[in-house]
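Because the structure is predicted, anything quoted here is derived from the model rather than measured. We name chains A, B, ... by the order of the sequence lines, and we start the count at 1 in each one. The figures here come from the full heavy-atom set of this structure, side chains too, leaving out hydrogens, waters and symmetry mates.
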Amino acid sequence: MSSPTGGPKSRVYALLLRLFPRSFRDEYGGEMEALFARRRRDADGFAPRIGLWLETLVDTLTAAVRCHADLLRQDVLQALRTFRRAPGFTGAVLLVSALGIGAMTAAFSITDHVLLRPLPYAGWERLVAVWQSNGNYARTEPSPAVFHDWQQLNTSFESLGAWYSGAINLVGVGEPVRLESTALTPNLMDMLGVRPRLGRSFSQEDARPGAPQTLLLSHAVWQSRFAGDPSILGRAVRIDGAPATVIGVMAPDFSFPKRGMQAWRPLGFGEEDYKERDNNYLKVVGKLRPGVTIEAVRTEMGVISERLAKAYPPAPGATKAGSTLFPLRSDVPWRSRQLLMALVGAALCLLLIACANLASLLLARALVRRKEISVRTALGAGKGRLVRQLLTESALLALGGGVLGVAAGFASMPLLALLVPPSLPITELPRLDLRVLSVAAVVTMFTALAFGVLPALRACRGTGPADLREGGRSGVGGRRERLRGFLVGAEVTISVVLLISAGLLLRALSRIQDTDPGFKSAGVLTLRTALPSPEYDATLRRAQFYDRVLAQTRQLPGVTGAAYISSLPIAYGGGIWSVEVPGRPRDDSNQRASLRFVTPGYFATMNTPLRAGRDTDPSDTFEAPFVAVVSESFAKQYWPGKDPLGQHFKFAFMPRTVVGVVGDIRIRGLERESEPQVYVPYRQVADNSVSWYSPKDLVVRSAANPLDLMPALRDIVRAADPNQPISDIRLLADIVADDTAPRRVQVIVLGAFAAIACLLAGVGLHGLLSFGVATRSQEFAVRMAIGAERMDIIRLVAREGATLAAAGIGIGLVLAYAAGRSLQALLVGLNPGDLTTYAAALALVLAGTALGTFLPAWRAVRVSPAAALRAE
Amino acid sequence: MKPKAADTDKLLPLPSATLHILLALADEDRHGYAILRDVEERTGGELRLGAGTLYRSLQRMLEQGLIVEIDDRPAPEMDDERRRYYRITPFGRTTARAELRRLAQLLDLGRQRGLAPGKV
């Protein structure tokens, strides 16, 4: 296509012409160049020439865009006609691509939401969580004294804030209510870059010890408890019995430190607070100065810890405190992270398998369409034009699949939301926004390319007049078949990996669910009545409340047991203290136990077996000798081979004597090892001492539906103290079930993925073999005509399927073992090569592939030879 | 693919480039450059079609059946081999007439409302 006049200017125009679709350029390019050359000769002088160039530029651009639009419209119309003619094929492609894209979109949006997205705070990248490390515990809370020293000594942080969470009883508006609240140092709100929606934030003056109490409310509480009253500012309420003033309302999307926080109070310290260095209850978060790295601040905090350890040497046997720092954004529970990564891996597998399946489907279809394509080539359509047409088809299919997939992905969000840990300050559900949509678009494009380009190129390669012959052998055998065979083999491989991974996780889950928590949860109702300080600081005052509530509760019909405990197992795992046993050197690293204050009857109510001695009883008063009931593991650790009854130890500031031994309880949840447990009578605690540990959770066992007791229980609590709110009403069984909820969701999702993958692999195999059978029906007819038995034909077809399946399964087993090992952390001790799982997964894959093989083989021998030969 | 009469209505209103090309071909067959010149001369230089617009229009008009390419050409010495000649089809004439009628009706409407354009 050389220009008659040549020259650089013509070459520029030739380049401009490249903007047009190729088919158009081939048709008219030469004439357009000639025409442009004429015009240039006509344009005399500088200004007309510039005018000509500008005019040409505009003309070329607009015309080129329109040409492309024309082609697109034609291709889209053509594609829609094609889809209408093949509804089964279209439906299959849409379904498969929707599954792949939907799985990937859902997995991405939930993982992005939990692990990647910016936290809803300004400068969130510079926020760092700072913990005290202590022996085996990488994260313990520092005391106000340690926090104060950190603040004074560090140079890396712009500011360092502290907080602790604890529910409060709010009285003065309708029913008394219990609110999740956090006390925080006034600088924390500034560090997070948040301002109240209404009113003001905390000032240093608010945080001064002894200052009048102030309160910031969450938007949700403002709406629900105060009906969005705009005159809320300055409103007088009572918090835990003491007067307080509402000074502001936060924005609806604000929460700190975790989802669903309802109120905030100021936190400040006086000189008094800095005296005791072991009063550990603070959480600390710092904002790095711009440019300071996390490594630098770790180093500095290490040096500070050393200095503090020198200034305040730990007691003999106690471990030296250090510090643990990490970006606040990465403070995601380890298990959530693992579950999400496994989910993403599985979704990726499913997407790949879907792409392989789609490529295979389109490849088969392209072969079928060779005749149509040859006709169009013969009629003068260029190869580029045909590829473009085929790509438009696959892009449209992928687009349809993408839309369906995103819809399906988001429909599954309520289920996946259980994988979002509630300990993060993020919403429960991810938003469907541009970020998620653009990832979905990229995934869709990837899918379209993966399954569209290859078949399109293949379909157009080497089509020629031979394909037009009546009964032309439509490309059976050779490279095309091998490529499809490879794709199907890969599908089998991936489905083996997914099935085995899902199977391992399922076995792990059932193993966890079979774990004995140490109590019987069925039929037990729990609720919380947290008695406020200072009103209930006196131990006797609290005891009166418990005794009254428990006595009346035990009178209710159907109730077989009721007791109070300082905190329920699983739901609240903390409360770990060090143990001192006479005659043993102090060793904080492994001499720790959980502390619970209980009322008599707790073990009977929970159905925790009493192994030796007795339960606590009403005679265990403050005046009586201090006693304790310990768990079996506690007795075994400190007095192995001896009778633990009557032994002495010091725990929670007091020497105590063992009077009973009970079965162990999984206080930290079913999956985790728990510290040994110590139970102490509710009356054997000094007034105003460790008030955090005063009993607050009521457990009631009932023979009938325990939730039916609620109205009566409300009346009982109201009668005991009309200002006492009730919160956290739950069934113990639900608390146990919630412990494994994220895992259950993961297993359901992974299981679904694996089932779909297996199905797709079977369908892929079926498609491949059916196609082969259909195109070889004449060959089979001839073979049968010259004496082959039906079984010979079946064997012929089945061999192909069996070879592919065997290769796929073989590679799959190896990869599955590797996948299982990477999941080991989630397998709670299950062998990643667990035979039962492998056998079950293999059986499923074999069934799927056998079905996919047998049906086409059967069809091969059902065709009458005469009919097959006549079709020629 | 022979266009039906009803197709005329679907094409209206015609893009101005299409109408002008049809007008240029009304009295004789022309090649691309000749069409451009004719349009330019008839409109006194008001309408200058670019090559891109011209050939895209021609392509669509061929597809729509408004024009055809013809094989018989002038004597070789007068002809550039790259040039293709276009001829208006009967359907093209019908469509051009329909479009002009539409424009005339519009003009009438304008006159009735006292919006008659002055003499040019």
Side chain / backbone / both / neither for A/L52 at chain B, heavy atoms under 4.5 Å | side chain

Please state whether the side chain, the backbone, both or neither of A/F36 comes within less than 4.5 Å of a heavy atom of chain B.
->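 Neither the backbone nor the side chain of A/F36 comes within 4.5 Å of chain B.
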
Separation of B/T8 OG1 from B/E99 CD (nearest 0.5 Å) | 11.0 Å

Any idea which of A/T60, A/T62, A/D59, A/L16 has the most non-hydrogen atom pairs under 4.5 angstrom with chain B?
->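 Most heavy-atom pairs within the cutoff with chain B belong to A/D59.
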
Check whether any side-chain heavy atom of B/T43 sits under 4.5 Å from a side-chain heavy atom of B/H20, and report yes or no.
-> yes

Here the pair of heavy atoms bringing A/L61 nearest to A/L19 is CD2-CD1, 3.6 Å

What part of B/L49 is in contact with chain A, defined as an atom under 4.5 angstrom from a non-hydrogen atom: side chain, backbone, both or neither?
->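 Interface part for B/L49: backbone (N, CA, C, O).
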
More than 12 heavy atoms of other groups within 6.0 Å of A/R49 CZ = yes

